[in-house]
J.: 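The structure's right below; bear with me while I get my questions together.
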Amino acid sequence: MIALRRLGIVAWNTFQDNLRSRYYLLCFVFGAIILFVSLLLGLLAADQEVRVLLDFGLSLIEILGLAAAAYGAATTVLREIETKTIYLILTRPISRGQYLLGRFLGLMLSVAAAMAAMAAIHVSILFLKGWAWSSLYPAAILGSLFKLVAIAALTLFLSLASSSILTALVIAMILWTLGHFLPEIRFMIRWTSQGSILAPLTALSYVIPDLQLLNLRDRLSGCAAFGRALAYASCYASVWLALAVARLKRKEF
Amino acid sequence: MRELALGVALACAVNAGARALVAVASRGVPLRLSPETAVQTAGLMSLGMRRMAADLELIRLLVYYGSREPGQEEIEDEAEKGGFDPLHPDRFWGGGHYPEIGPRARRILELDPSFSYPVLYGAGALAFNLNRPGEALALLEEALKREPKNNEYRAYLGAIGFHKQGDVERVLALLAPTLSQPDCPTMVKSMVAYMYKRAGKRSEAIRIYHDILATTRDAGYRATAERMLQELGARP
């Protein structure tokens, strides 16, 4: 119970720190972009204006969330190690595992809050354009959040393993891209006659996150897939978070 | 290093478990990319934005069919004089060849198989505007293979068949129920309304023109609807 309370305090402090950062300006940038695009698409997409606006908004929310989640995960601990502020925290009665999980939860909480703010702007504009509410919308937003949780956990581990923000971000972005191509990669592996050439890709296909499984935004019919997406993202993120904790415990400052 | 190896092993286990539990639909149909949009489409797909890629392809299709082809004449007034001939609708609707309509609609369908609008739009344009029902039927049949329960595709298939025979009554009977669907192209509504007008069914024509005015922001279709309503003696 005390451990959970400590974890909660770290998470809440991280969330408040992020709230004070300039990141939240992104929400307003999002609002401005989507307003401008909504006017433009009205002219271009004719009968399908609402669909295009829906897809554009959901994609933009995810991309801005990805920028925040990946950058936050890559920097949140490394910066504190560099500036040595981590010493102050770890001299308190808090374990390294509680500290790391608290930081991660706080980061994801702030990303979720930003996504909720952007979604509120988006939904308002959609309503103005005559969109009828669908329960698939929150499912799509949560699907995006699951993807960000999975990739942020992986990035956090990579940042601790490589001790380099840039390396962690580059690898995370490569895995993000490959994660969306996973069905195509599997299709290619199944149909190729030269299996040895694709052996590294075959091995990689087992490691990279299956982001298409979580991509409820791209299959706006996927309420049934919601539970699977939640279970997969939780398991995948837990693996990398557990390893990040193990890595931090072994780290010497 | 030990953590990385362990992480890879555990991630493999999670992925293998997910794969065993979930029958992930593999894409058995190759994706055709156009030279102009291949990079854009691949880029969006790598970010998991297939629907967005399909949307951008749709906008390209609409711009393509909305632009006049080189050498195409402005024949709207001539058509008004000559009247509508169900066997040669291309003469009435403005002509043109637009060879890319079918392939573009197919590419959108490959990107997002649940997106019926481009298929209905493409098939409607090919069959009723450009008088190429064969291409329209091929497009609809391909779409039906992916979504066999889509009643709009079936209605369009039947309507195009009757249209080839010049049976306007049966075309209207099949297309009328599809007009209330949210993905019905305004182009098809406008065409059906005109067919009603020609068939002397004034009230149906007026209702559809009013619906066009209420649902579309396309200036061209709005102007046509207003003009037709005036001709029918109704208030726009």
Side-chain angles (χ1 to χ4, degrees), chain A residues 41-49 51-52 54-56 58-59 62-63 66 130 132 147 154 157 160-161 176-184 186-187 190 203 205-215 217-221 225 228 231-232 235-236 238-240 242-244 246-247 250, chain B residues 1-19 21-22 24-28 30-31 42-56 58-60 62-63 66 111-112 114-115 117-118 121 182-187 189 215-221:
Chain A
L41 293 178
L43 296 171
L44 291 174
D47 297 338
Q48 294 296 305
E49 179 187 10
R51 178 194 148 111
V52 174
L54 176 71
D55 293 342
F56 182 84
L58 286 172
S59 303
E62 187 177 291
I63 288 293
L66 171 68
K147 285 163 80 175
L154 184 54
F157 171 78
L160 287 169
W176 176 266
T177 304
L178 288 175
H180 285 112
F181 271 130
L182 206 52
E184 280 77 15
R186 286 177 188 150
F187 179 79
R190 206 177 311 127
S205 76
Y206 283 96
V207 182
I208 54 182
D210 191 346
L211 297 177
Q212 277 303 106
L213 193 67
L214 309 174
N215 207 0
R217 174 177 50 73
D218 240 17
R219 330 185 284 268
L220 274 175
S221 55
R228 285 194 306 235
Y232 178 78
C235 290
Y236 194 86
S238 300
V239 165
W240 293 108
L243 291 160
R247 179 79 192 139
R250 281 160 50 96
Chain B
M1 201 60 203
R2 206 170 60 183
E3 286 97 358
L4 186 62
L6 192 60
V8 167
L10 286 171
C12 285
V14 171
N15 273 344
R19 217 179 294 191
L21 288 171
V22 181
V24 179
S26 61
R27 303 189 201 295
L31 185 68
L44 287 169
M45 281 176 65
S46 71
L47 295 171
M49 298 177 185
R50 287 182 84 98
R51 269 176 66 101
M52 190 73 201
D55 294 348
L56 292 179
L58 172 72
I59 289 175
R60 282 175 181 273
L62 295 175
V63 170
L111 283 167
D112 183 359
S114 66
F115 194 11
Y117 180 87
Y121 182 87
D183 55 354
C184 178
T186 307
M187 176 190 70
K189 287 183 186 176
T215 54
T216 189
R217 288 169 54 192
D218 188 301
Y221 288 116

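What you see is a predicted model, and the numbers here were worked out from it, not measured in a lab. Values reported hereafter were calculated over all heavy atoms of this structure, with side chains retained and with hydrogens, waters and symmetry mates removed.
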J.: Between Leu47(B) and chain A, which part of the residue has a heavy atom less than 4.5 Å away: side chain, backbone, both or neither?
T.: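 Both backbone and side chain.
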J.: When heavy-atom pairs shorter than 4.5 Å are enumerated against chain A, which of Leu62(B), Leu58(B), Val63(B) gives the highest number?
T.: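 So the answer, after comparing Leu62(B), Leu58(B), Val63(B), is Leu62(B).
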J.: Under 4.0 Å between a side-chain nitrogen and a carboxylate oxygen: does that hold for Asp55(A) and Arg51(B)?
T.: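 Yes, charged N to carboxylate O under 4.0 Å.
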J.: Measure distances from Ile63(A) to the heavy atoms of chain B and classify the residue's part below 4.5 Å as side chain, backbone, both or neither.
T.: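 It is the side chain, since no backbone atom gets that close.
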J.: For Arg228(A), is there an ion pair with Asp210(A) - N to carboxylate O distance below 4.0 angstrom?
T.: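 Judged by the 4.0 Å cut-off on N to carboxylate O distance, Asp210(A) and Arg228(A) do not form a salt bridge.
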J.: Please enumerate all residues that pass side-chain hydrogen bond (donor to acceptor under 3.5 Å, both in side chains) together with Thr186(B), with sequence neighbours excluded.
T.: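 Only Asp47(A) meet the side-chain hydrogen bond (donor to acceptor under 3.5 Å, both in side chains) criterion with Thr186(B).
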J.: Is chain B contacted by the side chain of Phe56(A), its backbone, both, or neither, given a heavy-atom distance below 4.5 Å?
T.: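 Its backbone and side chain both get close to chain B.
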J.: Taking the six-membered ring of Phe115(B), is NZ or CZ of Arg51(A) closer than 6.0 Å to its centre and within 45° of its axis?
T.: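 Yes, a cation-pi geometry holds between Arg51(A) and Phe115(B).
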